[in-house]
Engineer: 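Could you have a look at this structure, given as structure tokens, before my questions?
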2 protein chains.
Amino acid sequence: MEEDVEVSENLNNHLNYYQKEDQVLLAVDCIIFGFDKENLKILLIKRNFEPEKGKWSLIGGFLKKNENLDEAAVRVLETLTGLNDIYLEQIHTYSKIDRDPGQRTISVAYYALIDVDSHHFDGIQIDSAHWFDISEAPELIFDHNEMVQKAKARLKRRALSKPIGFELLPEKFTMRQLQNLYESILDKKLDKRNFINKINSLDVLIKLDEKDMSVSRKGAYLYVFDKDKYEKKVEEDGFIFKI
Amino acid sequence: MEEDVEVSENLNNHLNYYQKEDQVLLAVDCIIFGFDKENLKILLIKRNFEPEKGKWSLIGGFLKKNENLDEAAVRVLETLTGLNDIYLEQIHTYSKIDRDPGQRTISVAYYALIDVDSHHFDGIQIDSAHWFDISEAPELIFDHNEMVQKAKARLKRRALSKPIGFELLPEKFTMRQLQNLYESILDKKLDKRNFINKINSLDVLIKLDEKDMSVSRKGAYLYVFDKDKYEKKVEEDGFIFKI
DNA sequence: TTTATAAATGTAAAAAAAACACTTATAGGA
DNA sequence: TCCTATAAGTGTTTTTTTTACATTTATAAA
């Protein structure tokens with residue numbers, strides 16, 4: 001039934017102006033970055049359908065008639081994680097003719113940022129999903145490696161110009177964790193004092209009277225990101241977040 | 001005939017793995033920036049077909065089976081300008097359900113950079129096309145205004161980090177023209193001496209023994225962009241172009 | 001009480017960016 | 001041919017930002 005409607009809509013509906021044009025399948029694929037207070041991770045799944053069944057892959061899905069691409073990406077992510085409040089951003093659209101040997105498919109890549117620990121999703125919803133350390137991720141199907149490369153580059157750029165990191169951290173975090181995150185994303189060591197000075201000069205963190213005692217004997221103060229303050233700054237004086 | 005083949009391929013071919021998925025029309029729309037040595041421009045057309053016939057629009061076209069998106073964008077641009085060596089970059093994919101009242105269409109926006117004068121295209125190939133000063137562009141159909149906004153922001157970012165400007169200038173140009181271009185893109189006045197010092201410190205221009213006498217009595221030295229040197233620098237020492 | 005460990009802290013030097021004004025070459029007009 | 005008007009060309013100082021760098025402190029565990 002559904003298919004009949006589809007054919008009729010696409011080829012026979014007199015309200016359509018573009019009847020002679022080729023149609024394509026449009027997919028979304030999500031590069032899901034996570035952070036566990038130590039290392040940057042990526043969430044991958046083992047494909048359980050053909051083609052390329054059994055190989056590692058990004059999670060993806062096809063765009064449906066009744067949703068836009070952002071909504072499709074949210075849906076796809078919810079299917080995997082059970083979460084629907086995940087930070088998502090569109091990156092690039094991939095269209096090589098034979099990129100998917102199954103059928104001509106164009107794919108819109110999104111990247112997502114998740115705090116691995118504090119979003120304790122109800123167990124990942126697909127058994128074969130696995131968090132890989134970003135440096136230890138396996139080869140992926142199709143052009144998914146290329147997508148991941150681009151997403152990493154984008155993440156790096158955004159980390160330098162937006163307070164993107166706070167999507168990847170628990171609500172309360174230590175300076176060391178924030179620095180670990182930036183070091184993972186930028187893939188280089190940073191000087192501790194300079195980093196703290198820089199962050200403090202941005203004036204968008206609130207230092208709590210609370211310490212995380214789980215790592216050191218002295219304990220480390222916890223901070224929260226002051227989103228309102230950040231947004232007010234951006235609005236009022238075109239504040240530029242720049243690390 | 002062609003349509004028969006299409007239906008059969010999409011719905012009946014046993015090599016297709018994704019038969020039950022919805023298909024969509026995929027378009028490309030091009031934000032064509034130009035520069036005439038004075039001002040940043042945008043090339044728009046008056047649509048000569050429904051819907052929204054007669055309104056100003058970006059130039060666009062539908063993706064075909066035998067091409068990828070970059071190729072589609074090149075084809076669309078060639079149709080309009082007769083040129084096929086234009087700098088193009090994908091920006092974003094737009095998918096709001098009712099963005100095109102004609103039919104559900106997803107559109108991939110590209111931006112293009114053209115030197116208005118020295119690419120003297122054989123007259124623009126579509127009569128209704130017109131170069132608008134970027135600040136005087138008319139309202140556009142669908143979500144094209146949004147696309148232009150994003151393209152402008154992207155152009156700004158890229159101008160600060162890549163020698164993008166040289167796509168928009170004639171081969172030989174004066175420092176004043178380069179500064180005009182940057183001022184147009186960044187939408188602010190720059191100090192002449194600081195600008196020249198900055199550009200010279202990048203060391204990617206060749207100063208010619210030739211002057212442009214068309215603007216001042218004194219004449220202004222002409223420069224060319226040393227693309228090889230630029231690329232060698234990027235490769236060898238990760239040279240960062242930053243204005 | 002001692003010890004081991006990560007946290008917390010500030011300053012000086014170097015580099016980059018911004019502010020700033022006068023001289024020069026030439027065409028065109030007097 | 002001399003004068004004038006106009007944009008081109010040129011450096012230095014100040015300010016801001018970035019980088020480099022080492023010691024003390026709080027606490028839990030031994």
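Given the structure is predicted, the values throughout are model-derived calculations rather than measurements. Computed from heavy atoms alone, side chains included, the values below leave out hydrogens, waters and symmetry copies. Lettering of chains follows the sequences in order, A, B, ..., and the numbering in each one begins at 1.
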Engineer: Scan K192(A) against the nucleic acid and name what it touches under 4.0 Å (heavy atoms): base, sugar-phosphate only, or nothing.
Structural biologist: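 Since a base atom lies under 4.0 Å of K192(A), the category is base.
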Engineer: Quiz question: going by heavy-atom distance under 3.5 Å, is there a donor-acceptor pair between the base of dA8(D) and the side chain of K218(B)?
Structural biologist: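 Between dA8(D) and K218(B), which were checked side chain against base, a qualifying N/O pair under 3.5 Å is present.
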Engineer: Could you tell me the separation between the CG atom of L222(A) and the C1' atom of dA8(C), rounded to a whole number of Å?
Structural biologist: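 Going from L222(A) (CG) to dA8(C) (C1'), I get 15 Å.
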Engineer: May I have the distance from N194(B) (atom CG) to dT15(D) (atom C1'), rounded to whole angstrom?
Structural biologist: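 N194(B) atom CG is separated from dT15(D) atom C1' by 12 Å.
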Engineer: Whole-Å distance between dA7(C) C1' and N200(A) CG?
Structural biologist: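 Rounding to the nearest Å, CG of N200(A) and C1' of dA7(C) are 14 Å apart.
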Engineer: Using a 6.0 Å distance limit plus a 45 degree cone around the ring axis, check whether K207(B) lies over the aromatic ring of Y221(B).
Structural biologist: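 Ring-cation test returns yes.
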Engineer: Should R176(B) be listed as having a side-chain N or O under 4.0 Å from OP1 or OP2 of dA8(D)?
Structural biologist: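 Affirmative; the distance criterion is met.
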Engineer: Going by atom types only, do Y94(A) and D29(A) share a side-chain donor-acceptor pair under 3.5 Å?
Structural biologist: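 Side chains of Y94(A) and D29(A): no pair found under 3.5 Å.
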Engineer: Please state how far atom CG in D212(A) lies from atom P in dT27(D), giving the value in whole angstrom units.
Structural biologist: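 Rounding to the nearest Å, CG of D212(A) and P of dT27(D) are 14 Å apart.
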Engineer: Between K242(A) and K211(A), just flag the one whose closest nucleotide in DNA chain D comes earlier from the 5' side.
Structural biologist: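 Of the two residues, K242(A) wins.
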Engineer: Indicate, with yes or no, if the rings of F173(B) and F166(B) have centres closer together than 6.0 Å.
Structural biologist: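 Yes; F166(B) has its ring centre under 6.0 Å from that of F173(B).
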Engineer: With nearest nucleotide decided by heavy atoms, which residue, S216(A) or R193(A), maps closer to the 5′ end of DNA chain C?
Structural biologist: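 Looking at the nearest nucleotide for each, S216(A) comes out on the 5' side.
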Engineer: With D203(A), which of K198(A), K229(A), K232(A) fulfils salt bridge (Lys or Arg N to Asp or Glu O under 4.0 Å)?
Structural biologist: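 It is K229(A); the other options fail the test.
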Engineer: Expressed as a whole number of angstroms, how long is the span from M213(A):CE to dA28(D):C1'?
Structural biologist: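 From M213(A) CE to dA28(D) C1': 8 Å.
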Engineer: To the nearest angstrom, how far is K207(A) atom NZ from dA8(C) atom P?
Structural biologist: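 Taking atom P of dA8(C) as the reference, NZ of K207(A) is at 6 Å.
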Engineer: Without decimals, in angstroms, what is the distance between R217(B) CZ and dG29(C) P?
Structural biologist: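 In whole Å, dG29(C) P lies 8 Å from R217(B) CZ.
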Engineer: When the distance from CG of N197(B) to C1' of dT13(D) is rounded to whole Å, what number comes out?
Structural biologist: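 In whole Å, dT13(D) C1' and N197(B) CG are 13 Å from each other.
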